[in-house]
Each structure stands twice: as C-alpha cells, then as structure tokens.
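Reviewing the structure listed below.
Counting starts at 1 for both ligands and their atoms, following the listed order.
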Amino acid sequence: MSTKYSVPRGFRDFPPEVALFRRRIMELIEEVFERYGFDPIETPVIEYWETLKGKYGEEVESKLLYRFQDPWSEEWLALRYDLTVPLARFVASHAPTLPFKRYHIGRVWRHERPQKGRYREFWQCDADIVGSPYPEADAEVVDLVCDVMKTLGYSGFKVRLNDRRLLKGVFEEELNLSRYGEGKILEVFRVIDKLEKIGREGVEGELLKAGLSRHEAEKIMEAVDVSGNPEKTLSELESRFRGNRNVEAAVGHLQELIAASSHREDITLDLSMVRGLDYYTGPIFEVYVEEPKIGALAGGGRYDDLIERYGGPSTPSTGVSIGLERIIDAGLELGLFNLKRKTCTQVFTVSMGEKYWSYARSVAREMRREGLRVQVDLMRRNYRKQLEYCEKKGIRAIAFVGEKEASTGTVTLYFREEKKRYEQTPLKDAIQILKREAQ
Ligand code: AMP
C-alpha cells in the first residue's frame, strides 16, 4: 500500500460495506426528520469567508476553519464548519415561508486534532425550525433527537439542558462580568465549554488567563456545578435569583419546554453544558451516553439573532445537529448495529457458459425493469469464478442460466445462506420470489 497516496489526516475513505451501512443510518435519521415535517435543503460546501466570519468565536476562526484564497478570483473562501450558519444565510436570501422546517445531512470540515470521535471531515444531520420563538419549538427539536436515538436502538442516553441566559443572569447578579466589556461572557462560555476536554483545573486556569480574579473564577465554577432534576433545579434557581431578568426568562422558557416535551424523563439540567459556538442565545442541549466516552452525540439550541445578521428580519430559530460519526462509532461499540450487508446487489445472474451470456443479460434486463438490483458477469469468467465473486461480495441470491433455462425462458434460483433452490422457474415467478425473499 502506498502511503504517498493516502488520504489527509482526519479524513477517511468508506468502502462499499461501510458506505452502505452509513447510508442506512442516514436514511433512518431522515425518516424521523420527515415524520416531524422537516424538508431537505442543500447548500454549497464552500462559502465566502465573509459569510462565516464573526459567527463562531475567535478560536474557531483562527484555528479550526479551513480557509483559502481562490487562486483565480483571489476571493477568500472557506469550507463550511457547520450547517447552521449556511442555513441562516439561506433563509436571509430566500425568505422561505415560516415556520421553515428544514433538514440537511452533509459533511462539514474542522481543522481539529484527530482523536476518538473527532475527525476533520465528518457528517452532521441537522434539523432546524426557523421562525418560532416559542418553547414548544425547542421541545419539538429535543423530542426529535430523542426519537432518532430510540429509532437507532439507543436506550440509556441523557439530554443535558441549559440556557445561555441562566449563567448570564447568575454572572450578572454575582460577578458583574459586563464591566469587562460585551465579549467577556462569550469568552467565559467558550472556556467553560472545554470542561470535559481540559478538566476543572484547566478551566480555572484559563479563566485566570482571561483576566478574571481567583474569586470570580471560583464563583463561576460554583455556578456551573449546578445540575440535576430540571423542575426542582429550575425552581431553586428561580427563588435564588428572583427579579433577575435573564434568569426569569430562562427559567420560564425551560419550564415550558420541559412541559411540552414527550421525553421529559431523558432530560437533566446541567449548567456546565454551555456549547462552544457564539451564536446561541437561549436554551441549549447536548445528548450523551454514559459509555463509550466519546463526547456529545448531538447538540443544539436556540439562535434568535443569527439570521438578522445576514440582513434578514429578526427570525428566532432553534435546531439540532446530530454527529453521524459519533452516533455510528458509539452504536458499534454498544453492539447496536451490525455490518453484515456488503452490497446492495440482490441477485447475480450466473451463466453456465459462453453460449448463455446473452440470455443472462436479457434476464438481468428484465429483472432490473421490475426494480430488482442485479449484476451480471462482465469479466467473461467461468461459473465457478462467478460464484466466488458472489460469495466474496455477500450477494444473497443467484439466478443460474444454462442450457435448460435458456431454452425454456426460466432461471434456477439459489439462495446461498438458506441453501434453498427453485429449479427452472419461469422468469416472472422468479422475479416475484426475489422481490419477496432477497431484500
Ligand atoms: P457542534 O456543531 O460543534 O455543536 O457539533 C454537533 C455534533 O457534531 C456534536 O454533538 C458531535 O456529535 C459532532 N461533532 C462535532 N465535532 C466533531 C468532529 N470533529 N468529529 C466528529 N463529530 C463531531
């Protein structure tokens, strides 16, 4: 194998058996999205740098975004970093009817350090509701992702819920962080977001580096320690910070969200979960499993100001992004999926000799016309070699054609795993059998 022609670090090839399996998972996710009334859109993988600039935060811009200058036009371009910012641009320029419920499954690129569950090219499955400011829209997004998890066979997962306004209110009340200037709270959120990556001490260290005092850093750590049963924790916060505009707005919104959700039992409140991206304005959430430790499988939240920044009218929006690779990697470790299917071919027409090549092709043609997925030998191989190929590829059914079949307009069907034979079966009947038994 040549390393010279390998793929870049953090990027991968997918052979057919993996590509087929991934596609199946995407189809299952898509089915749930469509059940909730989301329609697909597509946007380009490349955006103008101007479009992405200033939306994610300093670290993303300086280190994680793939940015390059087009050598012909000399324009600055970037590979999309997520699917939410392109959606905001899309909505501002297309002004769709609201609420606009769109889903988008596609690849995104981040120049991160590759490790378990972290790639440089990966797929996100996003569903967003554009236009509704109400908690029932956030609840629908949470329910949607819980349904996806259940559909894929996950059971012991948790939705960690928070609201950007909760911490903002607590910080205002206890620390007066706004005296450091507008951007300080966002900077603090970005530091807290690293809690899982760098631990408590790491976070405290970074808070000090960001110019906060030790007392302030300690108070912040105390605040993010709050977690537990959502109803109970919210009413505690409400009475502790009575009169604080941000806390009251967040508590009211989250209480309604929880009341509207059909997956209340999967939700915990967790003030340490802040989400790394700058554009969130209200409720935020992430989906986790206890094992394996792979980070969030999905994350989302409300971003009420983003679309306006592209020149559209004020358009409150909320959504979720499911990380396909983590869903798959964790599911494989948990034994939720099997990788048995190696091909989408249902049947191979094996000809017993040169004289039957043309009949084999006409059988394949007829089967394809009836919607079956069929291969016919294109390598002029003897029947043994054709059978070896079917075995290696895991093709379930074989349609033998030889002297008797060609002269009577029949095929002899054979199902490899079941070792079941249907001798010289008229083609029409064989097609019905295949439709029934070779899915
Ligand atoms: P984010 O846009 O950062 O909120 O990410 C949404 C989801 O994408 C996360 O919950 C992860 O499941 C997934 N994700 C984020 N970064 C990566 C990565 N580098 N590799 C694979 N999946 C990722």
Output, or 'none' if empty, a list of ligand 1-protein atom pairs in which both atoms are N or O and the distance is under 3.5 Å, rounded to 0.1 Å.
{"from": "ligand 1", "atom 1": "2 (O)", "to": "R110", "atom 2": "NH2", "distance (Å)": "2.8"}
{"from": "ligand 1", "atom 1": "2 (O)", "to": "Q124", "atom 2": "NE2", "distance (Å)": "3.2"}
{"from": "ligand 1", "atom 1": "3 (O)", "to": "R110", "atom 2": "NH1", "distance (Å)": "2.8"}
{"from": "ligand 1", "atom 1": "4 (O)", "to": "R275", "atom 2": "NH1", "distance (Å)": "3.0"}
{"from": "ligand 1", "atom 1": "4 (O)", "to": "R275", "atom 2": "NH2", "distance (Å)": "2.6"}
{"from": "ligand 1", "atom 1": "5 (O)", "to": "Q124", "atom 2": "NE2", "distance (Å)": "3.3"}
{"from": "ligand 1", "atom 1": "8 (O)", "to": "Q124", "atom 2": "NE2", "distance (Å)": "3.2"}
{"from": "ligand 1", "atom 1": "10 (O)", "to": "A296", "atom 2": "O", "distance (Å)": "3.2"}
{"from": "ligand 1", "atom 1": "10 (O)", "to": "A298", "atom 2": "N", "distance (Å)": "3.4"}
{"from": "ligand 1", "atom 1": "12 (O)", "to": "A296", "atom 2": "O", "distance (Å)": "2.8"}
{"from": "ligand 1", "atom 1": "12 (O)", "to": "L297", "atom 2": "O", "distance (Å)": "3.1"}
{"from": "ligand 1", "atom 1": "19 (N)", "to": "E112", "atom 2": "OE2", "distance (Å)": "2.7"}
{"from": "ligand 1", "atom 1": "19 (N)", "to": "Y119", "atom 2": "N", "distance (Å)": "3.4"}
{"from": "ligand 1", "atom 1": "19 (N)", "to": "Y119", "atom 2": "O", "distance (Å)": "2.9"}
{"from": "ligand 1", "atom 1": "20 (N)", "to": "G117", "atom 2": "O", "distance (Å)": "3.4"}
{"from": "ligand 1", "atom 1": "20 (N)", "to": "Y119", "atom 2": "N", "distance (Å)": "2.9"}

**Pair R341 + E17: basic N to acidic O under 4.0 Å** = no
**Request:** Applying side chain to side chain contact (heavy atoms under 4.5 Å, CB included), run through F21 and L332 and close with a yes or a no.
**Result:** CA-CA 11 Å; F21 166 69; L332 287 173; 4.2 Å; yes
**Message:** Between E121 and R107, does any NZ, NE, NH1 or NH2 come within less than 4.0 Å of an OD or OE carboxylate oxygen?
**Reply:** yes
**Item:** Short N-O contact, E216 and R179, less than 4.0 angstrom
**Value:** yes
**Prompt:** Under a 4.0 Å N-O cut-off, is there an ion pair linking E61 with R67?
**Reply:** no
**Request:** Please determine if E112 and R118 form a salt bridge, counting it only when a charged side-chain N lies under 4.0 Å from a carboxylate O.
**Result:** yes
